[in-house]
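Please read the structure below before turning to the comments.
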Number of protein chains: 2
Amino acid sequence: MVRDSRATREQIIQAADALFYGEGIRSASMDAIAARAGVTKRTLYYHFPSKDALIGAYLTARDEPTFTRQAAWLDETKGDLPEQILGLFEKLARMTKSARWKGCGFLRAAAELAGTPGHPALKIASAHKKKFEAWLEGRIAAKDLSEPMLRARQVMILLDGAVAQALIHRDPTYALAAGRAAAALVTKHV
Amino acid sequence: MVRDSRATREQIIQAADALFYGEGIRSASMDAIAARAGVTKRTLYYHFPSKDALIGAYLTARDEPTFTRQAAWLDETKGDLPEQILGLFEKLARMTKSARWKGCGFLRAAAELAGTPGHPALKIASAHKKKFEAWLEGRIAAKDLSEPMLRARQVMILLDGAVAQALIHRDPTYALAAGRAAAALVTKHV
DNA sequence: GTCTATAGCTTGATAGAC
DNA sequence: GTCTATCAAGCTATAGAC
């Protein structure tokens, strides 16, 4: 029986996401991904020519949902921009408390693939971060703050720094400390 | 001929450092480490009972040199604390320009080992970061700034955030943007 | 497009001699 | 303490049937 190819592909990516994110890219084997997706390895390799290609597809699939979720974290917080930034980091703090949370998939991929500089997944990770940075810049520029590009970068640095520290220490209060610094960065000093 | 056991151990750790840091922990094999150290695998396993033990030894060996280097980056910069913090991040920015630079070994280890929560290497990474954070807190407290613990944390978040962004984008200017934010955090607002 | 089966290699770790 | 030799399991990727 010939199943819907798109559905199969989707199942594979979902399985890859669970294992790449949960165990790490190198630790997750193509065998395990195929088993979890409920297909054979032959089918897996029919849809993705190599593990590297699957890594790229994994991050590409993560791009939009991650962006949307984080943007919502800010937009759903009431108040002016500083309060919204605080809300963003508070929601990050809550997230880091979960045992299933294991940091940012893009950052962890970049960390794992640092040894292979040209890897396509690194470009996807970079583009993903740039996209959110540009979105932040828009929000900051709309408030007529000076140097919106610099401020957006600094907020991004605090965001990934908070993720990194939370991953290392398994302590959600780092995200709150980062939030306070980020909120100050987007506050108009009269 | 029986060589100096301590020297052999040192050679192994040096080889492990080059490969774990250069290629990643999972990517570096015990075979490759033994070959680079100029010993057989049997000798490697005589000194370290498992790969996990070697990973721990790798990070333990990195702790003190990394701490000392970063402390020197700050201490060797002339001026008051904000200028010194700027100097610290400027030296980080210079470092990230090297093709051999591949981020922070502790952060990358935490990213790779996020799938195995109890791993001893994670505790070593956490202790290393805490140590530098406490050292920074001392420097900040000496300047009679309020909330030195919070400020030290925020500087640490900016530091690791800058490293993360530099690793993802391969752009040294992120470290400079982080430095400006960090300097502002340790500036007395009169 | 999906299957069974397996090639060909690398992995972490060990046995036993000296 | 270091060697040679090797294990069993795991890995990415492929062959060929249907």
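Note that the coordinates shown come from a computational prediction; the quantities given were computed from them, not determined experimentally. Chain identifiers are assigned alphabetically (A, B, ...) following the order of the sequence lines, protein sequences preceding nucleic acid strands; residue numbering begins at 1 within each chain.
Atom-to-atom, CG of L44(B) to P of dG12(C) comes out at 10 Å; the value is rounded to the nearest Å. Rounded to an integer number of Å, the gap from CD of E10(A) to C1' of dG1(C) is 17 Å. If you take CZ of F48(B) and P of dT14(C), they are 16 Å apart, rounded to a whole angstrom.
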Requested in this report: Encode nucleotides 4-16 of chain D as B, S and - characters from 5' to 3', where the letter depends on protein heavy atoms closer than 4.0 Å: B to the base, S only to sugar-phosphate, - to neither.
Outcome: B------SBBBBB
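Here the side chain of Y174(A) pairs no donor or acceptor atom with the backbone of A93(A) at under 3.5 angstrom. With D171(A) contributing its side chain and T173(A) its backbone, the two residues share a donor-acceptor pair below 3.5 Å. Between the K51(B) side chain and the I25(B) main chain, a donor and an acceptor come within less than 3.5 Å of each other.
Salt bridge present: R153(B) and E133(B) bring a charged side-chain N and a carboxylate O closer than 4.0 Å. Electrostatic pairing of D144(B) and K188(B) does not count as a salt bridge here, judged by no charged N lying under 4.0 Å from a carboxylate O.
Between Y46(B) and dG1(D) there is a side-chain N or O to OP1 or OP2 distance below 4.0 Å.
F67(B) pairs with exactly one of F106(B), W73(B), F132(B) by the ring-ring contact (aromatic ring centres under 6.0 Å, His included) rule, that one being F132(B).
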